[in-house]
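In what follows, every heavy atom counts, from backbone to side chain, and hydrogens, waters and symmetry copies are set aside. This is a predicted model, so every value here is computed, not measured.
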Amino acid sequence: MKITSTSCICPVLVCLCFVQRCYGTAHHSSIKVTRNQTKHIEGETEVHHRPKRGWVWNQFFVLEEHMGPDPQYVGKLHSNSDKGDGSVKYILTGEGAGTIFIIDDTTGDIHSTKSLDREQKTHYVLHAQAIDRRTNKPLEPESEFIIKVQDINDNAPKFTDGPYIVTVPEMSDMGTSVLQVTATDADDPTYGNSARVVYSILQGQPYFSVDPKTGVIRTALHNMDREAREHYSVVIQAKDMAGQVGGLSGSTTVNITLTDVNDNPPRFPQKHYQLYVPESAQVGSAVGKIKANDADTGSNADMTYSIINGDGIGIFSISTDKETREGILSLKKPLNYEKKKSYTLTIEGANTHLDFRFSHLGPFKDATMLKIIVGDVDEPPLFSMPSYIMEVYENAKIGTVVGTVLAQDPDSANSLVRYVTGHSIKEICFKPSLQSVHGKTKYIPVCFADNPGLLSHVTVGIRVLDVNDNPPELAREYDIVVCENSKPGQVIHTISATDKDDFANGPRFNFFLDERLSINPNFTLKDNEDNTASILTRRRRFSRTIQDVYYLPIMISDGGIPSLSSSSTLTVRVCACERDGRVRTCHAEAFLSSAGLSTGALIAILLCVVILLAIVVLFITLRRSKKEPLIISEEDVRENVVTYDDEGGGEEDTEAFDITALRNPSAAEELKYRRDIRPEVKLTPRHQTLSPLESIDVQEFIKQKLAEADLDPSVPPYDSLQTYAYEGQRSEAGSISSLDSATTQSDQDYHFLGDWGPEFKKLAELYGEIESERTT
């Protein structure tokens with residue numbers, strides 16, 4: 001089979017042939033090419049000659065974006081078996097066969113019916129086969145070939161990331177790289193120059209340039225100054241076809257901003273400044289501002305201010321406001337117009353962040369002269385001291401001079417000074433309201449004025465000195481206990497004292513017994529010389545039965561001048577104690593333990609008695625609440641004999657028995673168990689269909705329950721039903737039940753009831769009256 005192809009791009013005819021494989025020596029195919037001819041016999045294992053180079057046999061080419069009215073011719077399929085008589089039929093299958101590509105089954109011509117776009121699909125894989133039109137048998141094996149879409153320049157370059165925003169430091173060297181832009185072209189880069197892009201700059205010259213091949217943007221000038229121009233807008237163009245005429249192009253914008261560097265030193269707008277400051281300005285307050293200008297921005301414009309010279313270095317200070325970049329001049333010491341009327345300062349402003357690349361543009365600092373004029377102000381008087389401390393004894397008499405304060409007017413006029421403390425005197429006199437204790441200091445504000453509008457204030461502290469006028473006393477009320485088994489010389493308690501006076505007139509304290517009294521035979525007192533004293537016993541053993549309370553008078557003196565003393569009486573109680581000295585009891589009921597029983601033993605005995613009484617009461621209560629047994633016969637416990645002490649009321653007695661219990665089967669559904677044994681088998685509840693109350697046969701009901709009880713192993717072995725509504729058929733007397741007796745006629749003669757004894761007398765009288773009524 002032979003395939004030929006014609007392209008409108010190529011000036012010559014291109015023949016592309018399929019090679020048919022031969023499965024025997026009797027059949028083979030040959031390929032004819034228009035220009036370069038090669039003869040190749042398939043089936044041979046070696047080739048004895050080198051053929052000339054021909055076209056690729058398994059590819060067709062079709063031009064993209066075909067806009068003509070007729071289908072575009074692609075190529076031709078031809079088989080050597082085709083004699084031109086129409087007996088060979090060509091079949092085309094694969095991608096786009098029948099929709100995009102059609103074939104003339106007689107001639108083998110292939111046409112494209114649609115406009116193709118290489119950017120959407122670059123090639124199509126199809127299969128061709130030649131068959132016999134009459135027998136539909138293949139004349140050659142199926143062959144595969146490719147139709148490639150031939151590219152044309154129909155896509156312009158595009159900048160996918162634009163527009164761009166980029167920065168570059170000012171004062172950069174020429175040729176400094178700024179940014180690399182890249183444009184993409186959707187055309188085939190392997191065919192022609194459709195995708196070969198060249199870059200050029202349309203706007204931004206002469207400040208920037210672009211590499212035509214790589215798209216790298218660079219600075220084109222030296223020392224580009226941000227302070228002169230900060231923003232640049234550069235337009236870059238990308239053109240395909242290697243920049244030739246007719247190529248397509250695309251452009252993008254690159255916004256370039258110059259970033260600041262520290263290339264400008266600070267400068268004061270003036271070389272001399274003058275500032276007026278009143279002498280009444282407060283120390284630490286801001287009295288003025290000064291600022292140096294810096295053309296840079298951000299941290300490159302940061303600066304600090306300092307005073308480098310002048311006669312006011314010790315009077316004024318300067319600091320930097322980081323937000324406004326101003327120098328804040330503050331007052332370190334108070335001003336006095338009468339002493340100095342002006343000051344001169346040299347102030348310097350210097351950058352804090354230096355860039356040594358631009359040090360040749362420096363120095364990055366500047367200085368200016370500041371003259372400060374001190375203004376005269378009518379000042380208030382001044383005290384000789386910022387505060388006063390005075391002392392007075394607490395027992396001083398009224399009118400005693402405590403101290404003196406002094407104030408002067410600093411102005412040159414030296415006006416008259418008036419003092420005010422609530423009374424118009426210069427000397428602070430002692431008043432009764434100032435009396436205090438413990439050496440506390442009381443502060444009194446004192447002010448003076450040289451005119452009604454100018455006041456000065458000072459604080460006078462008056463310390464009240466202590467006088468020994470309070471005797472010592474016990475620190476608290478003491479509860480002193482002595483054990484009955486105490487030994488001589490044993491410390492039973494330690495006491496201490498307090499004094500309202502100051503430390504100088506208070507401790508140290510001396511403890512001793514009153515020498516005017518006789519020697520105490522029971523207790524003594526020992527001064528520990530640390531403002532405490534110990535109470536000791538003088539003899540062995542104490543007895544509560546003899547005396548349970550002792551009194552010990554003591555004396556306490558302080559260390560003041562003159563010394564003061566006081567007397568107190570201590571109460572000592574006698575108590576029973578354990579061997580380790582712990583107090584057991586001090587009360588009278590403790591004498592009960594003299595028999596040998598302790599308090600714990602008595603409590604345990606009492607608790608046992610209460611428990612026994614509770615058990616007895618509980619036992620009696622249970623005995624009384626216990627019910628009488630149903631069977632009280634002593635002859636045979638298996639007998640179901642119930643003894644009654646009174647006779648029933650007969651039919652008129654409606655309270656003795658309720659017949660509903662027999663007529664209602666649901667009342668008997670509940671299982672009854674013996675009280676003297678425990679059932680071994682747990683039965684499941686029996687469910688029966690209940691009949692209406694009117695259709696119940698009492699006899700059948702009783703028989704049914706009897707049968708269930710006989711078959712149930714958990715039921716007691718005897719019947720304990722106490723009330724019967726039916727006796728059975730074997731009784732000669734018949735039923736004695738009064739059920740339905742009012743509506744049923746009976747021929748029974750009840751006269752024999754009179755022969756049964758006095759127990760049936762009432763019953764005989766009752767039924768005898770009924771019989772007499774029937775006969776009448």
Side-chain angles (χ1 to χ4, degrees), residues 265-294 302-352 363 365-388 404-420 426 445-460:
R267 291 288 181 264
F268 286 102
Q270 300 175 211
K271 290 300 181 181
H272 295 86
Y273 291 89
Q274 186 171 322
L275 178 65
Y276 174 82
V277 180
E279 64 174 341
S280 59
Q282 298 295 324
V283 174
S285 62
V287 296
K289 296 181 180 180
I290 193 169
K291 184 177 182 180
N293 297 327
D294 194 324
D302 291 342
M303 65 183 74
T304 57
Y305 297 89
S306 61
I307 301 175
I308 59 176
N309 199 0
D311 55 357
I313 293 180
I315 306 300
F316 298 93
S317 64
I318 192 169
S319 60
T320 304
D321 188 338
K322 295 182 179 180
E323 297 294 331
T324 62
R325 298 188 175 92
E326 294 177 329
I328 310 299
L329 192 65
S330 302
L331 188 63
K332 292 174 60 178
K333 294 181 180 181
L335 299 176
N336 193 333
Y337 174 80
E338 289 72 23
K339 292 183 179 180
K340 192 173 181 60
K341 296 178 175 57
S342 65
Y343 296 90
T344 302
L345 300 176
T346 301
I347 298 177
E348 180 185 77
N351 283 139
T352 56
K365 58 184 178 180
D366 193 18
T368 187
M369 186 76 67
L370 176 62
K371 184 178 182 180
I372 299 175
I373 306 299
V374 179
D376 186 20
V377 177
D378 191 4
E379 300 175 274
L382 295 177
F383 284 97
S384 60
M385 297 176 61
S387 63
Y388 295 87
T404 303
V405 295
L406 177 63
Q408 292 180 351
D409 187 2
D411 295 327
S412 58
N414 197 8
S415 302
L416 180 64
V417 176
R418 292 182 296 110
Y419 299 86
V420 179
K426 181 172 68 173
V446 177
C447 62
F448 70 88
D450 57 355
N451 64 58
L454 297 176
L455 296 175
S456 295
H457 299 267
V458 71
T459 302
V460 178

Of all the heavy-atom pairs spanning Ala281 and Leu331, show the shortest one and how long it is. O-CD2, 3.4 Å

Roughly how far, to the nearest 0.5 Å, is NZ of Lys291 from CE of Met303? 8.0 Å

Asn309: what forms a side chain to side chain contact (heavy atoms under 4.5 Å, CB included) with it, not counting sequence neighbours? Thr346

Could you tell me the separation between the CD1 atom of Ile313 and the CD1 atom of Ile307, rounded to the nearest 0.5 Å? 7.0 Å

Contacts under 3.5 angstrom, residues 270-278 side chains, donor-acceptor by atom type, not counting sequence neighbours:
from, atom 1, to, atom 2, distance (Å)
Gln270, NE2, His272, O, 3.1
Lys271, NZ, Asp366, OD1, 3.1
Tyr273, OH, Gln270, N, 3.2

Do the non-hydrogen side-chain atoms of Leu329 and Ile290 ever get within less than 4.5 Å of each other? no

Please round to the nearest 0.5 Å and tell me the distance separating atom CG of Asn336 and atom NZ of Lys341. 9.0 Å

Which atom of Gln282 lies closest to which atom of Ser285, heavy atoms considered: O-OG, 2.5 Å

Where do Pro386 and Val458 come nearest, in terms of heavy atoms and distance? O-CG2, 3.2 Å

Enumerate, atom names and distances included, each donor-acceptor pair closer than 3.5 Å involving a side-chain atom of residues 314-323, sequence neighbours excluded.
from, atom 1, to, atom 2, distance (Å)
Thr320, OG1, Tyr305, N, 3.2
Asp321, OD1, Glu323, N, 3.0
Asp321, OD2, Thr324, OG1, 3.3

Taking all heavy atoms of Asn351 and all of Pro266, pick out the closest pair and write down the distance. OD1-CD, 3.1 Å

Given side chains that start at C-beta, do those of Asp376 and Glu338 come closer than 4.5 Å, heavy atoms only? yes

Could you tell me which residues satisfy side chain to side chain contact (heavy atoms under 4.5 Å, CB included) with Lys289, sequence neighbours excluded, listed by chain and number? Glu326, Ile328

What residues, two or more places apart in sequence or in another chain, satisfy side-chain hydrogen bond (donor to acceptor under 3.5 Å, both in side chains) together with Ser330? none

Do Tyr337 and Val377 have side chains that approach each other closer than 4.5 Å (heavy atoms only, starting at C-beta)? no

Passing candidate, side chain to side chain contact (heavy atoms under 4.5 Å, CB included) with Tyr343, options Ile373, Leu335, Leu370: Leu335

Write out all pairs satisfying salt bridge (charged side-chain N to carboxylate O under 4.0 Å, His left out) with one or both partners inside residues 302-312, taking only residues at least two apart or from two chains. Asp302-Arg325, Asp311-Lys340

What pair of heavy atoms forms the shortest contact from Phe268 to Gly349, and how long is it? CE1-N, 3.7 Å

Distance from Asp294 atom CG to Arg267 atom CZ, nearest 0.5 Å? 9.0 Å

Exercise: identify the closest heavy-atom pair between Thr344 and Met369: CG2-SD, 3.4 Å

